[in-house]
There are 2 protein chains.
Amino acid sequence: MAGLKQVQRQTGVALWRQIADRIREAIGNGAYDETGMVPPETVLALQFGVNRHTVRSALAALAQEGIVRAVQGRGTLIERKERLNFPITRRTRFTAGIGDQAREMRSLLLDEVKEEASSEIARWLGLKPGATVIRLETLREADKRPVSKATSWFPAERFAGIGEAYRKHQSITKAFAELGLADYVRATTEVTAAHADTADLADLELTPGAILLIAKAMNTDLDGVPVQYSISRFAADRVQFTIEN
Amino acid sequence: MAGLKQVQRQTGVALWRQIADRIREAIGNGAYDETGMVPPETVLALQFGVNRHTVRSALAALAQEGIVRAVQGRGTLIERKERLNFPITRRTRFTAGIGDQAREMRSLLLDEVKEEASSEIARWLGLKPGATVIRLETLREADKRPVSKATSWFPAERFAGIGEAYRKHQSITKAFAELGLADYVRATTEVTAAHADTADLADLELTPGAILLIAKAMNTDLDGVPVQYSISRFAADRVQFTIEN
DNA sequence: TATGGTTGTCTATATCAATAGACATTTTAA
DNA sequence: TTAAAATGTCTATTGATATAGACAACCATA
């Protein structure tokens with residue numbers, strides 16, 4: 001079921017990077033759990049059909065990420081292995097959803113801007129194009145490891161001061177509560193995937209070629225009035241989404 | 001909002017491939033819609049900060065995919081541009097969901113196998129480990145373009161002959177109906193993203209480095225009894241998922 | 001029809017990626 | 001203590017990747 005590991009040449013993606021990605025994925029899927037170690041370099045080289053030096057380049061990249069640690073004479077130990085589950089339901093909330101899977105949650109407000117809504121944002125929030133909206137750029141971490149970077153838009157009139165409230169509580173739910181919105185629900189979520197650009201690479205501490213899961217979400221109050229539209233970019237090798245119907 | 005195009009060196013991913021991926025994405029997002037053309041090679045080279053020859057390698061790769069076509073003296077024309085929307089709800093069905101977005105739908109049964117359920121499959125289907133299940137490998141196309149490749153498991157006792165029924169109707173829904181299951185619902189969906197392996201590259205007509213959206217789904221009958229567990233791999237640049245709550 | 005803008009082709013050079021082989025160093029276990 | 005198994009380091013060679021420059025071929029249009 002896991003699928004044979006294979007690798008292609010002359011594709012613009014170096015073999016060592018393809019192999020590093022496969023091994024990272026295998027670790028995340030729980031292969032190698034019995035030993036807690038990656039197979040020996042010579043075995044991996046045979047499995048992937050490449051030279052041992054090429055495997056070493058891949059393992060060096062994973063060591064750089066802190067995922068494995070090579071010990072001379074013993075082997076290559078797995079250091080970290082995680083994939084957070086992120087449920088998407090009517091009651092989706094980042095902090096509550098991840099809360100029990102990580103010891104420490106953190107949310108950083110990177111930027112707060114008041115701007116005119118683009119036609120797309122206006123459509124999602126049910127506003128006239130050009131209406132004023134507040135845009136927040138946030139970075140969310142679990143156990144000091146960045147999980148997602150999000151851009152959120154709010155109607156400026158109704159939620160003036162949401163940046164300050166968010167900075168204080170480090171939670172959208174609590175920020176809404178402070179501004180008089182006791183409850184809200186997830187109306188729609190669109191999920192796509194893409195390669196990370198350089199800005200996301202830096203903020204999410206990813207290596208180039210990394211994949212993002214992108215969730216575009218619209219939240220409404222209990223009367224169905226849009227209160228938030230957001231685009232969240234998740235490190236694909238650290239999360240999975242669960243949709244329960 | 002689209003983000004500046006940027007590109008990184010010495011990452012194991014060739015510059016021409018990074019640039020090809022960025023341009024493909026930009027085309028999918030509707031940039032360049034006004035002209036129907038990609039900017040001139042010299043302009044792209046300047047934007048990405050690379051040599052013109054490197055841009056030409058990227059455009060050659062996109063031409064190979066049939067996405068653009070270069071015309072000497074005029075420029076590089078955009079040939080194809082699509083992203084199918086795939087709703088995920090309690091009533092998710094592939095054919096009905098995509099039906100109105102493409103002219104021609106097709107479903108191929110690649111393989112049918114009777115096997116023992118692994119512990120994971122047994123858990124999802126509510127069976128004892130080692131129980132007999134039927135596994136179907138299917139490829140789904142929209143307008144002759146492969147969209148997803150799926151592996152599905154069914155309880156063998158209840159759905160004997162589902163392979164034959166699927167081959168006849170080219171639809172899970174109709175195959176279920178023929179076997180006496182008039183209706184079913186989507187219970188859970190897990191979404192992840194990963195790089196495509198070589199088997200998927202070939203079947204989905206992708207280029208190496210391509211991204212897959214992976215949906216692991218469990219369907220039940222109206223009494224909540226599992227009837228199907230499936231792992232579908234979608235070409236990420238051809239689809240998006242929509243979750244309506 | 002002349003010109004500017006665009007893609008196509010060629011040569012040359014430097015660096016990265018991958019293979020190959022040999023041997024050192026460290027750990028584990030016989 | 002010894003041998004086997006594993007990672008670490010070094011040299012050498014080949015092909016892919018990227019840059020640089022020059023010029024040809026083609027198209028649209030002033």
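So that the names make sense, note that chain A is the first sequence line, chain B the second, and so on, each numbered from 1.
- Ranked by how close their nearest DNA chain C nucleotide is to the 5' end, A:W16 and B:E41 are led by B:E41.
- When rounded to the nearest whole Å, the span between CG of A:L15 and C1' of D:dT17 equals 14 Å.
- The interatomic distance linking A:M37 (CE) with D:dA6 (P) rounds to 8 Å, in whole Å.
- Residue contacts shown for B:T76 are limited to sugar-phosphate atoms, with no base heavy atom under 4.0 Å away.
- Nearest-nucleotide assignment on DNA chain C puts the 5′-proximal partner with B:L59, out of B:L59 and A:H53.
- Applying the 4.0 Å criterion to OP1 and OP2 of C:dT28, one finds that A:R74 has a side-chain N or O inside that range.
- A straight line from CG of B:N51 to C1' of C:dC10 spans 14 Å, rounded to a whole angstrom.
- Rounded to whole angstrom, the span from the CD atom of A:Q18 across to the P atom of C:dA17 amounts to 13 Å.
- Residue A:Q72 contributes atom CD, which lies 13 Å from atom C1' of C:dT28 at whole-angstrom precision.
- Between B:L44 and B:P39, the shortest heavy-atom contact is CD1-O, 3.5 Å.
- Ion pairing between B:R56 and B:E41 holds under the 4.0 Å rule for side-chain N and carboxylate O.
- Straight-line distance from the CG atom of A:L46 to the C1' atom of D:dA6: 16 Å, rounded to whole Å.
- The interatomic distance linking B:F48 (CZ) with D:dT19 (P) rounds to 13 Å, in whole Å.
- What separates CZ of B:R56 from P of D:dT17 is a distance of 16 Å, to the nearest Å.
- Of the side-chain N and O atoms in B:T54, none sit less than 4.0 angstrom from OP1 or OP2 of D:dT17.
- When every heavy atom of A:E137 is checked against every heavy atom of A:T151, the shortest pair comes out as OE1-OG1, 2.8 Å.
- Within the structure, every side-chain polar atom (N or O) of B:R52 is placed at least 4.0 Å from both OP1 and OP2 of D:dA20.
- By the neighbour-count criterion of 12 heavy atoms within 6.0 Å, atom CD of B:E115 is densely surrounded, having more than that number from other residues, nucleotides or ligands.
- In this structure, A:F234 and A:F241 have perpendicular ring planes: the angle between them is above 60°, well past the 30° mark.
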